[in-house]
Amino acid sequence: MTGTPQREPQAGPRPESLADLLGGRRGAVDATLPPLAFGLGWVLGGLGGGVLAAVLTGTAVAGWRWRRGDRPRSVLVGLLAVCVAALVALRTGRAEDFFLLQIAANAASALAWAVSIVVRWPLLGVVVGTALGQRTRWRRDPALLRAYGRGSWVWAGTYVLRLAVFIPLWLDGRVVALTVARAALTWPLIAAALAASWVVIRRSLPAGHPGLRHPATAPVPGGEPAREE
C-alpha cells in the first residue's frame, strides 16, 4: 500500500454513429405535429377542423424552426407540404387524402433509394458524404461504396414498410389509424433505421478500415484494392 490513489482507466471515446453525423430526430418529431393536429382537429371538427388545425400547427412549427436557425428552404418546404396535403383533402372532400401526399412521397423515395443502389450511387453515401464534406471521394473506396449500398437497403425498406401500412389504411378511409401510423412510423422508424444501417455499415467494412470520415485510398486488409473512377 503506497497511499497513492489509483485512477480508474479512462474509457475511450464512444464510436461515432450515423445519428451523430446526420443529427438527431428533432426534424422528424416536428414533422409529426401537423398530421397529429389534423387527426385531432378532424375528430373534433370534421374535415375543416382538421385542415385548420394542421395548417396552424404547420405554421407554428415553421416559425419555431426559423427562430432556432433552420435553413429557410427546409422550413418553407415543410410548411408547403402541409398546405398541399390540406388542399388535396379539401379538393377531394376525403379526410384520408390528407395523407395522400405522404404516400406518394414514400413511393418515390423507395424507388429513388433502390435505383441509387443499383447504379452504385447509394443515397446513404451521398447524404453522409455531403455531411462530411467529402464530395464523391467515398466512391473511390470500394469497401465504403459497398457498405453504403448495403446500408441504403435499410432505408429503402423503411419506405416500403410505410407504404405497406399506409396504403391499406388509406383505402379503408381510417383517418385516426393513419394519424397514429404517421406518428409511429416517423421518428421511431428513423431512429431504428439510423441504428440498423450503422450496424450494417460497420459489419460491411473490413478490419482496419479507417472509417466513414477517411475513405481509403490504399488497399485495406481484407478489402478490395481502391481504384479511381
Side-chain angles (χ1 to χ4, degrees), residues 16-39 41 50-91 97-117 119 121-139 148 151-152 154-160 162-163 166 178-179 182-194 197-198 212-213:
E16 193 172 40
S17 68
L18 283 180
D20 297 324
L21 295 174
L22 301 181
R25 56 178 182 247
R26 182 176 61 185
V29 173
D30 294 349
T32 66
L33 296 180
L36 286 174
F38 176 84
V51 166
L52 180 61
V55 172
L56 289 178
T57 302
T59 302
V61 168
W64 181 51
R65 291 179 61 190
W66 186 291
R67 290 190 63 182
R68 75 187 183 197
D70 285 13
R71 288 176 295 182
R73 180 180 298 180
S74 175
V75 172
L76 292 176
V77 167
L79 179 58
L80 179 62
V82 174
C83 292
V84 170
L87 287 173
V88 170
L90 287 175
R91 177 71 175 178
D97 286 350
F98 179 83
F99 301 91
L100 193 55
L101 180 63
Q102 183 69 22
I103 293 173
N106 277 278
S109 296
L111 180 61
W113 280 79
V115 169
S116 77
I117 300 166
V119 301
W121 273 92
L123 284 177
L124 187 56
V126 174
V127 172
V128 176
T130 300
L132 296 178
Q134 294 173 345
R135 297 182 181 273
T136 61
R137 285 191 295 117
W138 57 273
R139 294 196 73 245
Y148 278 138
S152 291
V154 174
W155 289 89
T158 65
Y159 297 109
V160 173
R162 290 192 185 111
L163 291 173
F166 291 161
L178 277 167
T179 301
R182 176 71 169 81
L185 295 180
T186 304
W187 72 257
L189 186 59
I190 290 174
L194 283 168
S197 56
W198 178 233
L212 305 188
R213 289 187 176 275

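Contact check for Phe99 versus Phe166: no side-chain heavy atoms found under the 4.5 Å cut-off. With contacts defined as side-chain heavy-atom distances shorter than 4.5 Å, the pair Phe98/Val88 does not qualify. In this structure, Val75 and Leu79 have side chains that are not in contact, with every pair of non-hydrogen atoms separated by 4.5 Å or more.
The CZ atom of Arg71 sits 12.0 Å away from the CG atom of Leu76 when rounded to the nearest 0.5 Å. Rounding to the nearest 0.5 Å gives a distance of 9.5 Å between CG of Leu185 and OG1 of Thr158. Note that SG of Cys83 and CG of Leu101 are 11.0 Å apart. Values are rounded to the nearest 0.5 Å. To the nearest 0.5 angstrom, Ile103 atom CD1 is 6.5 Å from Leu178 atom CG. In this structure, the separation between CZ on Arg91 and CG on Asp97 is 12.5 Å, given to the nearest 0.5 Å.
There is a side-chain donor-acceptor pair under 3.5 Å between Ser197 and Trp155.
Sorted by first and then second residue, the side chain to side chain donor-acceptor pair (under 3.5 Å) pairs with a member in residues 99-110 read Gln102-Arg182, Asn106-Arg162; sequence neighbours excluded.
When all heavy atoms are compared, the tightest approach of Ala37 to Thr57 is CB-OG1, 3.1 Å.
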Quiz: residues 121-128 side-chain donor-acceptor pairs under 3.5 angstrom, not counting sequence neighbours:
none

